[in-house]
Peer 1: 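There's a structure below that I have some questions on.
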Amino acid sequence: MKARKPQILKGFRDHLPRQMILRQRMMAIVREVFERHGFEPLDTPAIEYLEVLSGKAGENEKLMYHFSDQGDRAVGLRYDLTVPLARVVAMHQNELVLPFKRYHIAPVWRSEKPQRGRFREFWQCDADIVGSPSMLADAQVAAVMIDALSAIGLPSFTIRINHRKLLESLARAAGVPDAQAVGVYRVIDKLDKIGSAAVGAELDGSGIPASASARVLDLVGRTGEPGDVLAGLREELVEIPGATLAVDELSELFRYLRELQVPSDRYTLDLALARGLDYYTGPVFEATVEEPQVGSVAGAGRYDGLVGTFLGRSVPATGMSLGLERIIEVVEQFNLLPIRSSVADVFVPAFPDAIEAAARITGVLRGAGLRVDQSVQPQRSVGDQLKYAGRKEISIAVIVGTSEAAAGVCNVKNLCTGVQETCPWERVVDQVRSFLEHEETGA
RNA sequence: GUGCCUUUAGCUCAAUCGGCAGAGCGCCGGUCUGUGGAACCGGAGGUCACGGGUUCGAGCCCCGUUAGGCACCCCA
């Protein structure tokens, strides 16, 4: 018989139990934080009409998976979770309470060239607020993002904050022609990555006036206490349309962040931050870690134009997106969430002559709410069976052979320490719990 | 999508000039009849990623493909 060749698409991966245990644990943490901040769950289909998905992606549309379905409809796999949100808001206006705060943890698909921390199928954890133009909404989005990253235990992350309209004002103030502004944003966004000398060189080569290039670098490179930097810019840019509003909005945002008790070492003003250029309209945020180099682990911002593309009228919205895979890269590198490779707490081996007794004990333990993996290999030696338990990192074994069964007792063995206690059947649950508690207190 | 690098046992990696396919760890078995991990002894496991080409002869050279990585692009 010729076997089929098992193969998997580039950029797609299997998640074996060990990885799934970690992934599910992280998603549980994120969900918990989202709900603590008052966001509610939402899910949408993986496939949408191409027309629905297309609106905002801009030049990224070429990265979108798209095809014809059996009914010849032009469809695509969702590229992010934000466009489906906008569609949901437009379709269910009457059923939703506005402002609408939802979270969405689900896979998205992009046909990118895979690299470390970059896949073609990956999970995003989004939290968005639709229907509020207030900077308070942006502050809450930043707060939930920082809270989620902290809850996972990322050791050193900062979120950089900027304002799309402020960036536009800075470029205009520097004398960058509007037609070249987008190109300039892209270049200065690399400031923290390649340094001001390299950025200056790229700007000079991009055809903008030399004076503008130098002035942009000066403006965008300012650092210091956000309040001071913003106050300085407010004066300097008073002539630039939109600049005052942008500065005021950012100042307001920083005030709210302080009052929300977001640790101030977790965020910073970065006037060079650009981010996705196609749809952000207000404050923008980006979370990065120094190690490992996996790009940004989360992004956020205000996008007042997107929802309106489905409604024909403007609907303010702001939200954040956390990249599960990239965060997992960090978590694994620093072993931030130690996990066992089994979900079971207890292992029950089987003896050929005492299978029924082991089964009965298994039932009792499960009835008490314990997670029990009962051996299905009674023909193997007990040594082999315990070896299996050891490989799966199960910490406790409950051993019942013929003599124990006859005496109405069982041996409860701590597989980490080798300590074994013999106890009557009616005490077995207590004995197991006692071992488990010792383990949790980290002895 | 563009450029460059990589692909040999389950894993990490060797293999001189083109000349018999190797190690460590892991796995399996035994020492050890009902109590794992240690030690010792033994064993299995390979289409050298796949498909072509050059050559007396290819893991090694050439072309194509697959997958992974790095840089760009973009982004989580």
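Keep in mind the model is a prediction, meaning the values are calculated, not measured.
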Peer 1: Would A/M145 and A/I159 count as a side chain to side chain contact (heavy atoms under 4.5 Å, CB included) here? Give the steps.
Peer 2: CA-CA 9 Å; A/M145 180 154 114; A/I159 71 166; 3.6 Å; yes
Peer 1: At under 4.0 Å between heavy atoms, what does A/A298 touch on the DNA or RNA strands: base, sugar-phosphate, or nothing?
Peer 2: sugar-phosphate
Peer 1: Would you say the side chain of A/L257 lies within less than 4.5 Å of the side chain of A/I146, judging by non-hydrogen atoms?
Peer 2: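 SC-SC contact between A/I146 and A/L257 ruled out.
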Peer 1: Using the P atom in both, what is the distance from B/G69 to B/G52, to the nearest Å?
Peer 2: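 Their P atoms lie roughly 28 Å apart.
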Peer 1: Produce the list of close N/O pairs, under 3.5 Å, pairing protein atoms with atoms of nucleotides 40-43 of chain B; give distances to one decimal.
Peer 2:
none

Peer 1: How does RNA chain B look in dot-bracket notation if pairs are Watson-Crick or G-U with both distances under 3.5 Å, crossing ones as [ ], other-strand ones as |?
Peer 2: ((((((...((((.....[..)))).(((((.......))))).....(((((..]....))))).))))))....
Peer 1: Under a 4.5 Å cut-off applied to non-hydrogen side-chain atoms, are A/V372 and A/D345 in contact?
Peer 2: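 Sidechains of A/D345 and A/V372: no contact.
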Peer 1: Whole angstroms only, please: what is the CG-P distance between A/N411 and B/G36?
Peer 2: 13 Å
Peer 1: Distance between the P atoms of B/U8 and B/G51, in whole angstroms?
Peer 2: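 About 15 Å, rounded to a whole number of Å.
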Peer 1: Want to settle it: does A/S321 or A/K190 sit nearer the 5' end of RNA chain B, counting the closest nucleotide to each?
Peer 2: A/K190
Peer 1: Kindly indicate whether a cation-pi arrangement holds for A/R266 with A/F157, taking the cut-offs as under 6.0 Å to the six-membered ring centre and within 45° of the axis.
Peer 2: yes
Peer 1: Using the P atoms only, state how far B/U54 lies from B/C63, rounded to an integer number of Å.
Peer 2: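 It works out to 15 Å between them.
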Peer 1: Only one of A/R23, A/R120, A/R110 forms a salt bridge (Lys or Arg N to Asp or Glu O under 4.0 Å) with A/E325, so which one is it?
Peer 2: A/R23
Peer 1: In whole angstrom, what separates A/I355's CD1 from B/G34's C1'?
Peer 2: 14 Å
Peer 1: Where does the angle between the aromatic ring planes of A/F254 and A/Y267 fall among parallel (under 30°), tilted (30 to 60°) and perpendicular (over 60°)?
Peer 2: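 It falls in the tilted class, 30° to 60°.
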Peer 1: Taking N or O atoms only and anything under 3.5 Å, show me the protein contacts with nucleotides 25-33 of chain B, one pair per line.
Peer 2:
unit_1, atom_1, unit_2, atom_2, d
B/G29, OP1, A/R380, NH2, 3.4

Peer 1: What's the gap between B/U33 and B/G24 when it is taken at their P atoms, as a whole Å value?
Peer 2: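 My reading of the P atoms in B/U33 and B/G24 gives 29 Å.
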Peer 1: Indicate, with a heavy-atom threshold strictly under 4.0 Å, whether A/R116 touches base, sugar-phosphate, or nothing.
Peer 2: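 If one applies the 4.0 Å heavy-atom cut-off, A/R116 turns out to touch the sugar-phosphate alone, with no base involved.
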Peer 1: Is a side-chain donor or acceptor of A/H37 paired with a backbone partner of A/F39 at a separation under 3.5 angstrom?
Peer 2: no
Peer 1: Nearest-Å distance, CD1 (A/I8) to C1' (B/A67)?
Peer 2: 11 Å
Peer 1: Is A/V331 close to A/M26 at the side-chain level, that is, under 4.5 Å between some pair of heavy atoms?
Peer 2: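 Yes, side chains in contact.
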Peer 1: If you count the non-hydrogen atoms of other residues, nucleotides and ligands that lie under 6.0 Å from OH in A/Y49, is the total more than 12?
Peer 2: no
Peer 1: Given atom CZ of A/F12 and atom P of B/A67, what is their separation to the nearest angstrom?
Peer 2: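 A/F12 atom CZ is separated from B/A67 atom P by 11 Å.
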Peer 1: Does a nitrogen or oxygen in the side chain of A/R186 sit under 4.0 Å from OP1 or OP2 of B/C74?
Peer 2: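 Affirmative; the distance criterion is met.
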Peer 1: Sort and list the pairs that fulfil side chain to side chain donor-acceptor pair (under 3.5 Å) and have at least one residue in residues 128-143 of chain A, not counting sequence neighbours.
Peer 2: A/K101-A/Q140, A/R102-A/D128, A/D128-A/Y303, A/D138-A/R302, A/D138-A/T318
Peer 1: Without decimals, in angstroms, what is the distance between A/R326 CZ and B/A76 P?
Peer 2: 8 Å
Peer 1: Given the C1' atoms of B/A9 and B/G43, what is the spacing between them in whole Å?
Peer 2: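 Taking atom C1' in both B/A9 and B/G43, they lie 15 Å apart.
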Peer 1: If you define the side chain from C-beta out and look only at heavy atoms, does anything of A/L50 sit under 4.5 Å from A/F67?
Peer 2: no
Peer 1: Near RNA chain B, which residues from residues 401-409 of chain A have a heavy atom under 4.0 Å away?
Peer 2: A/G401, A/T402, A/S403, A/E404
Peer 1: Is there a side-chain contact between A/E393 and A/R18 (heavy atoms, below 4.5 Å)?
Peer 2: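 Yes, side chains in contact.
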Peer 1: Using the P atom as the reference point in each nucleotide, state the distance between B/G10 and B/U16 in Å, no decimals.
Peer 2: 22 Å
Peer 1: Are any protein N/O atoms closer than 3.5 Å to N/O atoms in nucleotides 1-6 of chain B? If there are, list each pair with its distance.
Peer 2:
unit_1, atom_1, unit_2, atom_2, d
B/G3, O6, A/K113, NZ, 3.4

Peer 1: Considering only the C1' atoms, how many Å lie between B/G22 and B/G1, rounded to the nearest integer?
Peer 2: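 Going atom to atom, C1' in each nucleotide, I get 41 Å.
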Peer 1: Look up atom CG in A/L436 and atom CG in A/N414, then write down how far apart they are to the nearest 0.5 Å.
Peer 2: 8.5 Å
Peer 1: RNA chain B: A/K413 or A/G11, which has the more 5' nearest nucleotide?
Peer 2: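 Looking at the nearest nucleotide for each, A/K413 comes out on the 5' side.
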Peer 1: Using the P atom on both, measure B/C60 against B/C20 and round to a whole Å.
Peer 2: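 Result for the P pair: 13 Å, nearest Å.
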Peer 1: Is A/R78 salt-bridged to A/E48, going by a charged N under 4.0 Å from an acidic O?
Peer 2: no
Peer 1: Round to the nearest Å and state the distance from A/R160 atom CZ to B/C75 atom P.
Peer 2: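 The answer, rounded to whole Å, is 14 Å.
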Peer 1: Ring of A/F122 versus six-membered ring of B/A76: centres under 5.5 Å and planes under 30°?
Peer 2: yes
Peer 1: What is the distance, to the nearest angstrom, from the CG atom on A/L386 to the C1' atom on B/A38?
Peer 2: 16 Å
Peer 1: Do A/F347 and A/Q374 have side chains that get closer than 4.5 Å, going by heavy atoms?
Peer 2: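 Result no, sub-4.5 Å side-chain heavy-atom pair not found.
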Peer 1: Measure the distance from NZ on A/K10 to P on B/U65 and round it to the nearest whole Å.
Peer 2: 11 Å
Peer 1: Quick check for you: to the nearest 0.5 Å, what is the distance between A/C125 atom SG and A/Y103 atom OH?
Peer 2: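 Here the rounded value is 10.5 Å.
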Peer 1: Taking the side chain of A/R275 as heavy atoms from C-beta outward, which of B/A76, B/G36, B/U35 is closest to it?
Peer 2: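 Among B/A76, B/G36, B/U35, the one nearest the side chain of A/R275 is B/A76.
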Peer 1: So do A/V297 and A/L322 actually touch side chain to side chain, heavy atoms under 4.5 Å?
Peer 2: no
Peer 1: Looking at A/F285, is A/R160 sitting on its ring face, NZ or CZ under 6.0 Å from the six-membered ring centre and within 45 degrees of the normal?
Peer 2: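 Verdict for A/F285: no cation-pi partner in A/R160.
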Peer 1: May I ask you to verify whether the side chain of A/Q420 and the base of B/U35 hold a donor-acceptor pair under 3.5 Å?
Peer 2: yes
